[in-house]
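In the text below, chain A, chain B and the rest are named by the order of the sequence lines, each starting its count at 1.
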Amino acid sequence: MKKYLSFFRMRFLTGLQYRAAAAAGIATQFAWGFLEILVYRAFYQADAAAFPMEFSAVVNYIWLQQALLALFVPWLMETEIFSAIVDGNVAYELCRPVHIYHMWFARLLAHRISSALLRCAPILFISLFLPAPYGLTLPTDPLTGILFLLTLILGTLITVSIGVVIYICCFFTISAQGIRIFYSAACELLAGQIVPLPFMPDVIRRVLEILPFASMQNVPLRVFSGDLCGHQLVWAIALQLFWLAVLMAAGWRFAVHAETRIVVQGG
Amino acid sequence: MKRSRKREKKISAIRLYRRYVGIHIRSTMQYKTSFLLTTVGQFIFSFNVLIGITFLFNRFHQVADFTYSEVLICYAIVLMEFALAEMFGRGFDLFSGMVKHGEFDRVLVRPRNEILQVLGSKFELSRIGRMFQAVIVFIYGLLTADIDWNRWKVMTVVLMLIGGSLLFAGIFMIQAGMCFFTLEGLEFMNILTDAAREYGKYPVSIYGKPVLLFCTFLVPYALIQYYPLLVILGRTARLWYSFLPLAAAMFLIPCLLFWRFGVRCYRSSGS
Amino acid sequence: MITVNNISKTYKVAKRNAGFLEACRNLFHRDYEEIRALDHVSFQINDGEMIGYIGPNGAGKSTTIKVLSGILTPDEGTCEVNGCIPWKNRVAYVKDIGVVFGQRSQLWWDVPVIDSFELLKDIYSIPKETYQMNLEELTELLNLSELLKTPARQLSLGQRMRCEIAASLLHSPRLLFLDEPTIGLDAVSKLAVRDFILRLNQTHRTTVILTTHDMQDIEALTNRILLIGKGRILLDGSPQDLRQGYRTMDEAVAALYREYAI
């Protein structure tokens, strides 16, 4: 356990070194969130009846998405791992007394959590104090809060487990860059980062809600403002657990397979 | 005599820039897969934005009196403006790397204008991925929107493309100028570049009065987008709005001065 | 003719300490330290001289080179090279100098070397005949004919350095700065580079300022050494003077560094 914690510590310290980068990132995310809210305000004014969520729930969704960007955004990966796979240096990683699946999982998780921790607090804090329709509103009952945290953790783990699968995919292709581009683009859309899932046309939405991408940010961000509740929520959590189990099992099998391939072919 | 010297200088500058572009294209072609993927990536990431707009309009049909086709025209023009600026002005966008690796020193020991050399340091051909999409969307918008085209409107579009790409280039220049003072935290400039491109997909007026004012008088995005767009869509009788993109291009002047100031400070402090 | 008179230059550098608490503290407050890179430096170099400019890391060598090549403006002092002040009227001045930064390449990585040369021809507006003549001469002396068609990324370090040097001389500069030109080279390439520089100096009377940590370069090439430490010129003399009483040049220099505590 200790060695995994040290990945986290390293990441956090490196992150702290770049204080100006963090400040700039916060300012940027704040501006993006603000403009995004204004877009939805314009559509709300155009036709309030067609709005599929409460306006405040959309505002919450947007602020949380900005604050927790580092947890869910698909392009946040460790470039060193990609280049290690491409140039064959990954062979060194196999010499370490930790299995690559565990190590990559821990590293990616540490990377995401530490970046998110460094950046989320200021955005959440400021957005809490914004005037009424534009600010973040906290959930009223503690149960929602607890469910939010639970689904947030599950969503993060799912994001990381897909990320590791993407790493391993690179063993079997010529171009890691291609995989990254296609995965990022697809994930961005399917996970509801371009437009929240409730805003999508019904048929598409119903299909997307079953896919693992919907179990990432879609669930926790909507639980937070009570948009997802009742048996729908139970179903969503069950799906999250299912996808986490499937993705981790698949990733593990995949990693073992990749490992034997390296040993046999010498990278 | 003096005039012909000047002309000669201009010709040699153009020839030099062409030489730079030639080298970049040949370098890019050394990595064909990578180039192809980046181009396709540029295309599909913009495509995601397009899908987002489509989904929203599927539900709401219009926003602040603009229809789907009208928004598409706006989106396509901004995307073209940005793609052009990035294709040619990427050297300024990536300037922090040049300062960090000491390559700017090399620029300074060469007997040429610094700006020309920085422009030549990068030519981003992969941006045709974005351009390609913008053109398709623009054509689709043209065919579906209810616009009476005339020469004046065509000229307006051309002015928008010129003014817009110069405005974005100016912002890249400010960003580059800041590299002379700090290399950290420049990400916030992305509010003025990427966010402007991303949210430029809708006419600025939908964001409300304060944003419109900001984009009219401080950083003139509205001048390359909203106002001339009104002329194209026939929403205003003020035909002079068509020339506002040229006013936006004037924004380049303070950017240039700031960059020059940065170079002066760099040479006296050597940071 | 280079005349440097009482040049000084000070930098401000942010301090950064290790450790978690320190990193947190640095979030809010940062200390600056003033570093005197050049402290009243003066010297004179005649046309056609070859000078070895030595000193430990951080002594002010590269700052001097940057001032002389017109990149940096000093805080105080004057300097004249071939009748020009380097940091004034940069464009006119740099036409006459060539710079080789040993650690950084000026060749374009992915295209054949000759393409980089053609680009330099346009950058320096070198007349066609001069370019052709220089290219032929450099190709012969540096043995480049096989290399010109190869992309720079496929060259070995020694081959690349030969091309770098040629690239800096295409416009026949009167003054050449060489910053660690033999770093990382194998014995054969080192000798080739040294031979070439000697010949260049003899045939074209190009003034050469060489900074290096390699004392064999100094012994082979220069007859005058400037030693800089902590921003001051500590010694100006011939390699023979410097070496007196020591078995090798390296020992002599190490002893000097110790003596001046730099």
Side chain, backbone, both or neither of C/E118 within contact of chain B (heavy atoms, under 4.5 Å): both
Using modelled atom types and a 3.5 Å cut-off, is there a donor and acceptor pairing between side-chain atoms of C/R104 and backbone atoms of B/G102? yes
Under 4.5 Å from a heavy atom of chain C, the part of B/V107 involved: backbone
Residue-level interface, residues 41-48 of chain B with chain C, non-hydrogen cut-off under 4.5 Å: none
Select all residues of residues 17-28 of chain B having any heavy atom within less than 4.5 Å of some heavy atom of chain C, and report them by number, or 'none'. B/R19, B/Y20, B/I23, B/H24, B/R26, B/S27
More than 12 heavy atoms of other groups within 6.0 Å of B/Y31 OH: yes
Mind checking the CD1-CG spacing from C/I65 to B/D105? Nearest 0.5 Å is all I need. 12.0 Å
Sort C/W87 into side chain, backbone, both or neither according to what part of it lies under 4.5 angstrom from a heavy atom of chain B. both
Write out all pairs satisfying salt bridge (charged side-chain N to carboxylate O under 4.0 Å, His left out) with one or both partners inside residues 158-169 of chain B, taking only residues at least two apart or from two chains. none
Taking atom types as modelled and ignoring hydrogens, do the side chains of C/S125 and B/R112 form a donor-acceptor contact shorter than 3.5 angstrom? yes
Given the options C/T63, C/I123, C/V99, C/D75, which has more heavy-atom pairs under 4.5 Å with chain B than any of the others? C/I123
Please walk me through it: do B/R267 and C/R90 pass side-chain contact (heavy atoms from CB on, under 4.5 Å)? CA-CA 11 Å; B/R267 294 181 61 199; C/R90 182 186 71 76; 3.9 Å; yes
Name the region of C/Y93, side chain, backbone, both or neither, that has any atom closer than 4.5 Å to a heavy atom of chain B. neither
Heavy atoms from other residues, nucleotides or ligands near CZ of C/F43 exceed 12 (cutoff 6.0 Å): yes
Sequence neighbours left out, what passes salt bridge (Lys or Arg N to Asp or Glu O under 4.0 Å) with C/E180? Give chain and number order. none
Side-chain contact test, heavy atoms from C-beta onward, threshold under 4.5 Å: evaluate it for B/V109 versus C/I71 and give yes or no. yes
side-chain contact (heavy atoms from CB on, under 4.5 Å), that's the test. Do C/K66 and B/L108 meet it? Break it down for me. CA-CA 10 Å; C/K66 281 183 179 175; B/L108 287 175; over 6 Å; no
